[in-house]
Amino acid sequence: MQQPDMLPQFTQVTCRYREHVLRLTVPAGESFLAGDIFLRNEYPLTGLKGVFRKPVIVDVGANVGLFALYMHLNIKGAVIHCFEPSAALCGALRRNLAGCPEVRLHAVALSDHDGRELFNLNTRKAGQSSLHSVTGPQGEGWVREHVDVRHAGRAFDELGIDHADILKIDTEGSEPEILESLGPRLAGVKHLYIEYHSLRDLARIRALLSGFEEMSCVARGDAVGVLRFMHRSLR
């Protein structure tokens with residue numbers, strides 16, 4: 001993999017969402033991310049159950065913070081924990097969430113172990129960045145940066161995250177490891193949005209979430225998609 005002296009480029013987009021006019025910082029060439037979340041309902045909120053008295057939302061793989069902002073606008077008073085390891089993406093995330101004091105940013109990657117590792121950052125398609133080895137074409141646009149990695153379960157314990165009304169995981173391949181490391185803590189999760197990036201990962205995720213009811217599966221290709229789950233105790 002090449003390691004050119006470059007960083008992701010960002011652009012400003014304006015998006016109207018309900019009564020809000022949002023001015024967002026997104027990776028150049030990926031303005032569709034704002035449309036997916038704010039206009040095309042990628043993360044539907046219909047059918048959410050549970051008492052959101054002191055709502056806690058956890059965003060693992062927060063990218064530039066658009067999901068967190070969407071939650072901030074829809075679930076008032078929620079404390080939102082964002083996990084994003086890339087320093088470049090964290091800068092854009094801070095700009096997008098500058099008006100959201102209840103957001104907590106944790107500049108680490110979550111997995112099933114602790115350490116410091118090389119993170120594969122796609123400067124042209126930031127949403128494809130991953131701790132995992134890149135399996136597609138490895139040409140220009142990829143850089144590697146050292147990031148801190150935390151065992152997800154221990155990180156939750158240290159931060160006092162003992163429940164989550166909504167947990168979203170989009171880490172381009174680390175999703176099963178994160179679920180495994182959370183283990184019994186998943187019993188405190190009410191609703192979960194999670195991406196899968198292979199049919200093998202899809203099977204592992206479904207097996208690990210046997211205590212949840214699968215509400216939807218939106219495929220983005222032959223082996224990529226977004227799953228939505230609700231804990232069976234809410235039925």
Side-chain angles (χ1 to χ4, degrees), residues 1 3 7-8 56-65 67-68 71 79-94 97 102-123 126-135 138 142-198 200-212 227 229 231:
M1 180 181 298
Q3 190 173 357
L7 290 173
V56 174
I57 297 169
V58 182
D59 184 359
V60 183
N63 201 281
V64 296
F67 173 85
M71 290 292 141
V79 173
I80 305 173
H81 292 272
C82 292
F83 292 87
E84 174 51 56
S86 169
L89 298 178
C90 279
L93 183 152
R94 289 188 179 95
L97 299 175
E102 70 278 21
V103 171
R104 314 284 187 262
L105 173 58
H106 313 290
V108 299
L110 295 186
S111 189
D112 57 1
H113 59 278
D114 294 320
R116 187 160 176 81
E117 298 181 15
L118 283 169
F119 182 73
N120 300 299
L121 176 63
N122 190 330
T123 62
Q128 295 182 0
S129 303
S130 175
L131 277 178
H132 284 222
S133 298
V134 178
T135 57
Q138 300 179 12
W142 289 95
V143 296
R144 307 178 82 187
E145 58 177 316
H146 283 94
V147 301
D148 291 320
V149 181
R150 294 301 320 279
H151 180 282
R154 288 192 287 270
F156 274 40
D157 293 346
E158 291 170 8
L159 293 167
I161 304 174
D162 58 2
H163 73 284
D165 293 274
I166 297 173
L167 169 62
K168 170 248 181 185
I169 308 177
D170 177 7
T171 53
E172 297 297 308
S174 297
E175 292 85 359
E177 289 92 337
I178 293 169
L179 291 180
E180 288 174 345
S181 70
L182 289 175
R185 301 167 189 82
L186 290 171
V189 175
K190 294 177 181 177
H191 301 274
L192 189 149
Y193 303 95
I194 185 167
E195 287 206 1
Y196 64 91
H197 298 91
S198 71
R200 180 174 180 271
D201 282 358
L202 175 60
R204 289 177 66 192
I205 288 168
R206 283 173 166 159
L208 288 164
L209 294 174
S210 59
F212 289 76
L227 298 159
F229 291 88
H231 200 277

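Treat the numbers as computed from the prediction; the structure is a model and nothing was measured.
No donor-acceptor pair closer than 3.5 Å links the side chain of S174 to the backbone N or O of E177. Under a 3.5 Å cut-off, the side chain of T171 and the backbone N or O of G61 do not form any donor-acceptor pair. Remark: the backbone N or O of E102 is paired with a side-chain donor or acceptor of R104 at under 3.5 angstrom. Remark: side-chain polar atoms of D165 are paired, donor with acceptor, to backbone N or O of V56 under 3.5 angstrom. The closest donor-acceptor contact from the side chain of E180 to the backbone of I178 lies at 3.5 Å or more, if one exists at all. A donor-acceptor distance shorter than 3.5 angstrom exists from the side chain of R185 to the backbone of G153, with no hydrogens or angles considered.
In this structure, CG in L110 is found 8.5 Å from CD1 in I169, a value given to the nearest 0.5 Å. To the nearest 0.5 Å, atom CZ of residue R206 and atom CG of residue D201 are 12.0 Å apart. Taking CZ of R150 as the start and CG of D114 as the end, the distance is 4.5 Å to the nearest 0.5 Å. The distance from atom CZ of R204 to atom CD of E175, rounded to the nearest 0.5 Å, is 10.0 Å.
Looking at heavy atoms from C-beta onward, L97 lies out of side-chain contact with I80 at the 4.5 angstrom threshold. With a 4.5 Å cut-off on side-chain heavy atoms, F229 and V189 do not count as touching. The closest side-chain heavy-atom distance from V58 to L159 is not below 4.5 Å.
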Handout entry: side chain to side chain contact (heavy atoms under 4.5 Å, CB included) assessment of L208 paired with L186
Key = CA-CA 10 Å; L208 288 164; L186 290 171; 5.5 Å; no
Practice task
Show your reasoning for whether side chain to side chain contact (heavy atoms under 4.5 Å, CB included) applies to I194 and L179.
Solution key: CA-CA 10 Å; I194 185 167; L179 291 180; 3.7 Å; yes
Practice task
Kindly determine whether L93 and L89 satisfy side chain to side chain contact (heavy atoms under 4.5 Å, CB included), including the steps that lead there.
Solution key: CA-CA 6 Å; L93 183 152; L89 298 178; over 6 Å; no
Problem - Stepwise side chain to side chain contact (heavy atoms under 4.5 Å, CB included) test for F67 and I166 - result: CA-CA 11 Å; F67 173 85; I166 297 173; 4.2 Å; yes
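The two residues N120 and R144 make their nearest non-hydrogen contact at OD1-NE, 3.3 Å. For the pair P85 and A109, the tightest heavy-atom approach, listed with the atom from each and the gap, is CB-N, 3.5 Å. The nearest pair of heavy atoms linking I205 to E195 is CD1-O, 3.7 Å. The two atoms that bring A68 and C82 nearest to each other are CB-SG, 3.6 Å, heavy atoms only. Between E145 and S86 the shortest heavy-atom distance is OE2-OG, 2.8 Å.
Counted within 6.0 Å of CZ on R200, heavy atoms from surrounding residues, nucleotides or ligands total 12 or fewer; the atom is thus considered open.
H81 and H106 have parallel rings, their planes meeting at less than 30° on a 0 to 90° scale where 60° marks the start of perpendicular. Under the 30°/60° scheme for interplanar angles, the aromatic rings of F156 and F83 are found to lie parallel.
Across D59, I57, I161, L182, a single residue satisfies side-chain contact (heavy atoms from CB on, under 4.5 Å) together with L167, and that is L182.
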